[in-house]
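Single-structure report; data block below.
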Amino acid sequence: MLKEVQEVKVGGRTRRVYVRPFAWGLKNPSHMEWTPDGRLLVSEHTAGTVRDITKGGDASEAKPLVYNLQGPAAIRPTEDGKVLVVETWGGAIADIAGGGDATKLPKLAENLKGPYTLAVLNLGKKGETFFVSESSSSFMTQITRLSLGDHEREPKAFILDIPARHGEPGLTPPESWPDKWEKYAAAGCVKNWIDDAAGRGFFYLAVGSLGQIFRINPDELPEEITYSELVAHPDALVAWGLHRLGGMRFHPSSGLLFAVQPEMGEVIAVDPAQPGNYLFQPPVVRGLRMPTCVRFSQDSEKMYVCSSADGVVWEVEGFLT
């Protein structure tokens with residue numbers, strides 16, 4: 001049961017956290033992102049749409065910004081005005097800045113294997129690099145390095161053989177799911193998730209099925225590395241002992257990572273500056289139904305959490321120390 005007022009411990013202090021619905025009437029919201037012009041966009045993974053929920057409220061009657069997407073997942077605006085959306089079932093990355101029918105919008109990358117999350121390093125600068133998570137098989141995922149829109153340059157595998165949850169039905173179209181669709185709709189998010197650490201030149205990688213978070217600095221790693229080699233690399237692993245992980249977001253002022261644990265219905269705070277076992281760490285928010293994604297307000301004072309099973313984006317206040 002979700003309580004609107006929760007007492008939790010964050011950073012060693014007990015705080016009162018307030019949870020209230022911000023936007024509702026959504027169909028399996030899985031990812032959110034702010035655009036440079038101040039719009040909060042959300043992917044409706046099973047509906048094939050992206051909606052603008054900046055004003056909050058009932059989103060069910062609003063016309064979607066983009067429709068006919070094939071399993072929209074991560075959203076990532078770029079400095080040159082593009083708004084990238086990963087299409088999991090379509091194996092592509094589309095530019096949806098033009099809005100409307102996605103079948104008529106440009107594809108900047110195609111022939112990807114179940115892509116789900118996306119991060120950018122050196123955004124808008126020389127050496128800008130995109131990283132996308134792919135499903136190389138039912139048991140393995142990988143992180144791929146790519147140059148969007150440059151069809152002369154092949155994507156390159158960066159981190160290989162990341163263990164995955166068997167089957168991952170959340171990465172298949174919904175007609176193949178059983179009756180308890182909400183669990184399957186969220187299953188994709190427990191593979192891996194990338195967060196670009198607010199433009200700090202490295203990114204965080206959540207290995208969702210194993211409850212681990214890594215700090216990934218490409219300059220400190222080989223051009224290609226396996227998961228087992230990554231585990232052995234010094235200072236790469238920053239958190240372990242977590243439950244199955246979904247989306248996460250680095251909070252720029254506190255320095256904490258806030259990550260969702262979908263099957264636990266929780267959001268947990270991780271301090272990447274102090275690597276450790278988070279098995280007994282109490283959550284920041286509990287009682288959510290299959291949370292998949294977390295984002296912050298533009299002033300970083302509020303948290304927004306997608307609850308995929310009930311189609312709600314929750315607004316959370318009081319979570320900062």
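These values consider heavy atoms only, across backbone and side chains, with no hydrogens, waters or symmetry-generated copies.
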Subject >> Donor-acceptor pair, side chain of His45 and main chain of Pro72, under 3.5 angstrom >> reply: yes
**OP:** Give a yes or no on this: more than 12 heavy atoms of other residues, nucleotides or ligands lie within 6.0 Å of atom CZ of Arg16.
**Re:** no
**OP:** Check the hydrophobic clustering (I, L, V, M, F, W, Y; side-chain heavy atoms under 4.5 Å; chains of links allowed) and say if Trp193 and Val238 are grouped together.
**Re:** yes
Subject >> Check: Ser307 side chain, Val313 main-chain N or O, donor-acceptor pair, under 3.5 Å >> reply: no
Original post:
Taking a hydrophobic cluster as the set of Ile, Leu, Val, Met, Phe, Trp and Tyr residues connected by side-chain heavy atoms closer than 4.5 Å, whether directly or through intermediates, do Leu108 and Val132 fall within one such cluster?
Top reply: yes
Subject >> Partners meeting salt bridge (charged side-chain N to carboxylate O under 4.0 Å, His left out) with Asp37 (sequence neighbours left out) >> reply: Arg39
Original post:
Looking only at atom types and distance, does a side-chain atom of Glu44 sit under 3.5 Å from a main-chain N or O of Lys27, one as donor and one as acceptor?
Top reply: yes
Subject >> Whether Ser297 side chain and Glu301 backbone form a donor-acceptor pair below 3.5 Å >> reply: yes
Original post:
Which heavy-atom pair separates Ala119 from Asp196 by the least distance, and what is that distance?
Top reply: CB-CB, 4.0 Å
Subject >> No-hydrogen, no-angle side-chain donor-acceptor test under 3.5 Å, Glu266 and Gln261 >> reply: yes
Original post:
Does the side chain of Pro291 come within less than 4.5 Å of Ser308's, by heavy atoms?
Top reply: no
Original post:
Mind checking whether Ile213 and Leu205 have side chains closer than 4.5 Å, heavy atoms only?
Top reply: no
**OP:** Verify whether the ring centers belonging to Phe214 and His233 lie closer than 6.0 Å.
**Re:** no
Subject >> Partners passing ring pair (Phe, Tyr, Trp, His ring centres under 6.0 Å) against Phe158 (at least two apart in sequence or in another chain) >> reply: Phe131
Original post:
Under the side chain to side chain contact (heavy atoms under 4.5 Å, CB included) test, which residues partner Pro29, sequence neighbours left out?
Top reply: Leu26, Val42, Cys306
**OP:** Sequence neighbours left out, what passes side chain to side chain donor-acceptor pair (under 3.5 Å) with Glu317? Give chain and number order.
**Re:** Arg20
Original post:
Roughly how far, to the nearest 0.5 Å, is the CE atom of Met264 from the NE2 atom of His243?
Top reply: 4.0 Å
Subject >> salt bridge (charged side-chain N to carboxylate O under 4.0 Å, His left out) partners of Asp80, counting only residues at least two apart >> reply: Lys82
**OP:** Please list, chain by chain and in numerical order, all residues satisfying side chain to side chain donor-acceptor pair (under 3.5 Å) with Glu4, sequence neighbours excluded.
**Re:** none
Original post:
Does Val86 belong to the same Ile/Leu/Val/Met/Phe/Trp/Tyr cluster as Leu65, with side-chain heavy atoms less than 4.5 Å apart forming each link?
Top reply: no
Subject >> Interatomic spacing from CD1 in Ile162 to CG in Asn192 - rounded to 0.5 Å >> reply: 5.0 Å
**OP:** Write down the atom of Ile53, the atom of Met32, and the distance for their closest heavy-atom approach.
**Re:** CD1-SD, 4.4 Å
**OP:** Examine distances only and state if a side-chain atom of Ser133 and a backbone atom of Thr117 form a donor-acceptor pair shorter than 3.5 Å.
**Re:** yes
**OP:** Using side chain to side chain contact (heavy atoms under 4.5 Å, CB included) as the criterion, list what pairs up with Tyr67, not counting sequence neighbours.
**Re:** Thr49, Pro64, Asp101
**OP:** Please confirm whether Tyr278 and Phe280 have ring centers closer than 6.0 angstrom.
**Re:** no
Original post:
Mind checking what makes side chain to side chain donor-acceptor pair (under 3.5 Å) contact with Asp235, not counting sequence neighbours?
Top reply: none
**OP:** Inspect the surroundings of CD in Glu223 and state if more than 12 heavy atoms from other residues, nucleotides or ligands are less than 6.0 Å away.
**Re:** no
Original post:
Once you round to the nearest 0.5 Å, how far does CG of Leu146 lie from CG of Leu112?
Top reply: 6.5 Å
Original post:
So, the side chain of Asp95 versus the backbone of Val83: is there a donor-acceptor pair under 3.5 Å, distance only?
Top reply: yes
Subject >> Point-to-point distance, once rounded to the nearest 0.5 Å, from CZ of Arg76 to CG of Leu41 >> reply: 12.5 Å
Subject >> side chain to side chain contact (heavy atoms under 4.5 Å, CB included) against Trp240, all qualifying residues, sequence neighbours excluded >> reply: Gln212, Leu237, Pro275, Asn277
Subject >> For Val85 against Ala73, the heavy-atom pair lying closest together >> reply: CG1-N, 4.3 Å
Subject >> Check: Tyr227 and Leu210 side chains under 4.5 Å, non-hydrogen atoms >> reply: yes
Original post:
Do Ile93 and Glu87 come within less than 4.5 Å of each other through their side chains, counting heavy atoms only?
Top reply: no
Original post:
Does the side chain of Glu229 reach to within under 4.5 Å of the side chain of Val231, using non-hydrogen atoms?
Top reply: no
Original post:
Is any side-chain heavy atom of Gln6 closer than 4.5 Å to a side-chain heavy atom of Val285?
Top reply: yes
Original post:
Considering residues at least two apart in sequence or located in another chain, which fulfil the side chain to side chain contact (heavy atoms under 4.5 Å, CB included) criterion with Ala259?
Top reply: Leu245, Met248, Ile268
Original post:
For the side chain of Ser254 and the backbone of Leu256, is there at least one donor-acceptor N/O pair under 3.5 Å apart?
Top reply: yes
**OP:** Would you check if there is a donor-acceptor pair between the side chains of Ser30 and Ser43 at a distance under 3.5 Å?
**Re:** no
**OP:** Please report the closest heavy-atom contact between Thr54 and Leu40, naming both atoms and the distance.
**Re:** OG1-N, 2.9 Å
Subject >> ILVMFWY network linking Val312 to Val305, side-chain heavy atoms under 4.5 angstrom >> reply: yes
Original post:
Would Met303 and Trp314 count as a side chain to side chain contact (heavy atoms under 4.5 Å, CB included) if you check the C-alpha gap in whole Å, the side-chain angles of each, and the deciding distance to 0.1 Å?
Top reply: CA-CA 8 Å; Met303 181 193 300; Trp314 298 91; over 6 Å; no
**OP:** In sequence, state the C-alpha distance, the side-chain angles, and the governing distance for Ile194 and Leu118, and then conclude on side chain to side chain contact (heavy atoms under 4.5 Å, CB included).
**Re:** CA-CA 6 Å; Ile194 320 171; Leu118 182 68; over 6 Å; no
Original post:
Val120 and Thr78: side chain to side chain contact (heavy atoms under 4.5 Å, CB included), yes or no, with the steps?
Top reply: CA-CA 9 Å; Val120 190; Thr78 64; 5.6 Å; no
Original post:
Which atom pair, heavy atoms only, marks the closest approach of Leu69 to Ala102?
Top reply: CD2-CB, 3.4 Å
Original post:
Any cation-pi pair here, Arg215 with Tyr204, using under 6.0 Å and within 45°?
Top reply: no
Original post:
If two hydrophobic side chains count as joined below 4.5 Å and joins carry through other members, does Trp34 share a cluster with Phe250?
Top reply: no
Original post:
Does any pair with a residue in residues 281-306 pass ring-ring contact (aromatic ring centres under 6.0 Å, His included), and if so which ones, sequence neighbours excluded?
Top reply: Phe22-Tyr304, His251-Phe296, Phe258-Phe296, Phe296-Phe319
Original post:
Does Arg244 use its side chain to pair, donor to acceptor, with the backbone of Gly208 at less than 3.5 Å?
Top reply: no
Original post:
Is there side-chain contact between Ile216 and Leu221, with heavy atoms separated by less than 4.5 Å?
Top reply: yes
**OP:** Side-chain contact test, heavy atoms from C-beta onward, threshold under 4.5 Å: evaluate it for Leu160 versus Ile225 and give yes or no.
**Re:** no
Subject >> No-hydrogen, no-angle side-chain donor-acceptor test under 3.5 Å, Thr226 and Asp161 >> reply: no
**OP:** Would you please name every residue forming a salt bridge (charged side-chain N to carboxylate O under 4.0 Å, His left out) with Arg249, sequence neighbours left out?
**Re:** Glu33, Asp195
Subject >> Contact summary for Leu121 and Gly201, nearest pair of heavy atoms >> reply: CD1-O, 3.8 Å
